[in-house]
**Q** 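Structure incoming, see below.
All values derive from a computational prediction rather than experimental measurement.
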Amino acid sequence: MQFIKPAAVAAAGAVLALGLTACNKSSSSAGGGGGDIKIGLSVSTLNNPYFVQLRQGAEAEAKKEGVKITVTDAQNDASQQVNQVQNFVSQSMKAIIINPVDSSAAAPAVKAADRSKIPVIAADRGVTGADAAQTVASDNVAGGKLAAQELGKALGGKGKVAVLQGTAGTSAARDRQQGFAEGIKAFPGIQVVAQQPADFDRTKGLDVMTNLLQAHSDITGVFAANDEMALGAIKALGGKAGKQVKVVGFDGTPDGLKAIQAGTLSADVAQQPVLLGQLAVQSAVKAAKGGKIEATVAVPVKVATKDNVAQFTNGA
């Protein structure tokens with residue numbers, strides 16, 4: 001398990017204090033009946049299909065609700081994200097949605113919004129060290145357990161497994177790892193021989209998997225905490241993927257589902273990022289209007305396999 005360095009939180013706080021001007025790609029959309037309601041959405045990165053889908057769901061819901069939404073890309077930079085949220089505060093947004101780059105480093109931004117009486121919705125990843133008005137996320141612990149069950153079945157209950165972890169400091173990475181660790185205990189014949197972060201990134205997944213194979217050439221299974229890392233691992237495995245080495249991913253992105261159809265990905269814990277974005281905006285609008293919202297909203301996860309992948313690719 002990886003831990004956040006105090007310096008990362010301090011750096012984020014320093015940027016917040018400086019109130020620098022954001023320098024990110026942004027977009028906005030508006031519907032026709034939301035009055036003066038403006039919502040800010042800071043996404044951890046738009047260089048990931050999963051978060052592109054989350055943004056699409058948020059923008060579609062904003063249009064439906066008739067509110068204005070401004071979307072910024074933090075480009076996986078925690079300090080930059082704090083600055084973005086500070087700008088949302090200064091722009092008098094009625095509500096803010098944050099998909100944290102780093103769950104702890106996001107705390108100063110959430111506290112700043114709270115001081116200005118602006119409700120903050122945490123999307124996909126929680127915030128550590130500050131109270132968001134609501135956290136909308138998949139049950140990542142349950143998803144990790146499902147991934148362990150699927151990998152255990154694919155391996156027939158025995159083998160050596162490598163785990164590609166997500167970005168250190170994110171609640172999603174921590175919870176998926178926890179769920180997988182708990183779930184794999186049901187298979188005493190399976191040994192986890194290596195665990196290493198690949199930061200939810202396809203290229204890093206390729207590099208990490210390549211290095212792990214050099215050290216552990218007898219690996220028979222891989223759990224990757226998102227589809228991008230899984231796809232990188234599959235590329236590193238080459239012809240072994242889906243045959244000598246079973247791979248299980250997490251997200252249910254279009255590319256991940258295609259890999260299931262191709263037989264290189266054995267199973268995928270599918271999230272619903274479009275729905276997640278929609279629900280986050282619904283809660284943001286309700287909170288902006290002074291309504292009460294639940295502290296947490298759980299978006300269901302489902303397992304996609306070759307037997308049922310059609311229902312996912314058909315939008316079911």
**Q** Under the side-chain hydrogen bond (donor to acceptor under 3.5 Å, both in side chains) test, which residues partner D199, sequence neighbours left out?
**A** K204

**Q** For side-chain hydrogen bond (donor to acceptor under 3.5 Å, both in side chains), just list the numbers for Q53 and Q272, CA-CA rounded to whole Å, side-chain angles, deciding distance to a tenth of an Å, and then say yes or no.
**A** CA-CA 9 Å; Q53 290 180 286; Q272 302 181 69; over 6 Å; no

**Q** Assess the residue pair T135 and R125 against the criterion (side-chain contact (heavy atoms from CB on, under 4.5 Å)); give the C-alpha distance rounded to whole Å, side-chain angles, the decisive distance to 0.1 Å, and a yes or no.
**A** CA-CA 7 Å; T135 300; R125 302 168 179 172; over 6 Å; no

**Q** Ignoring hydrogens, what is the shortest heavy-atom contact between V281 and A58? Give both atom names and the distance.
**A** CG2-O, 3.4 Å

**Q** On a heavy-atom basis, which atom in G249 and which in A230 lie closest, and how many Å separate them?
**A** CA-CB, 4.0 Å

**Q** For a quick test of your reading: what N or O donor-acceptor pairs under 3.5 Å do the side chains of residues 149-160 make, sequence neighbours left out?
**A**
residue: E150; atom: OE2; partner: K153; partner atom: NZ; Å: 3.3
residue: K160; atom: NZ; partner: D218; partner atom: OD2; Å: 2.7

**Q** Testing L46, T45, V52 one by one against N48 for a side-chain contact (heavy atoms from CB on, under 4.5 Å), which residue passes?
**A** T45

**Q** Can you sort out the partners of E182 under salt bridge (charged side-chain N to carboxylate O under 4.0 Å, His left out), two or more places apart, ordered by chain and number?
**A** K145

**Q** Tell me whether S217 contacts the main-chain N or O of L213 through its side chain, where contact means a donor paired with an acceptor under 3.5 Å.
**A** no

**Q** Distance-only criterion, 3.5 Å: show the donor-acceptor pairs between side-chain atoms of residues 185-194 and protein atoms not counting sequence neighbours.
**A**
none

**Q** Is a donor from one side chain sitting under 3.5 angstrom from an acceptor on the other, for Q81 and Q75?
**A** no

**Q** Mind checking what makes side-chain hydrogen bond (donor to acceptor under 3.5 Å, both in side chains) contact with N226, not counting sequence neighbours?
**A** none

**Q** With sequence neighbours excluded, tell me which residues meet ring-ring contact (aromatic ring centres under 6.0 Å, His included) with F180.
**A** F223

**Q** I'd like to know if the side chain of Q134 and the backbone of E294 have a donor-acceptor N/O pair within less than 3.5 Å.
**A** yes

**Q** With no hydrogens and no angle check, is any side-chain donor or acceptor of S44 less than 3.5 Å from a backbone partner on N76?
**A** no

**Q** Does a side-chain heavy-atom distance below 4.5 Å link V222 with V245?
**A** yes

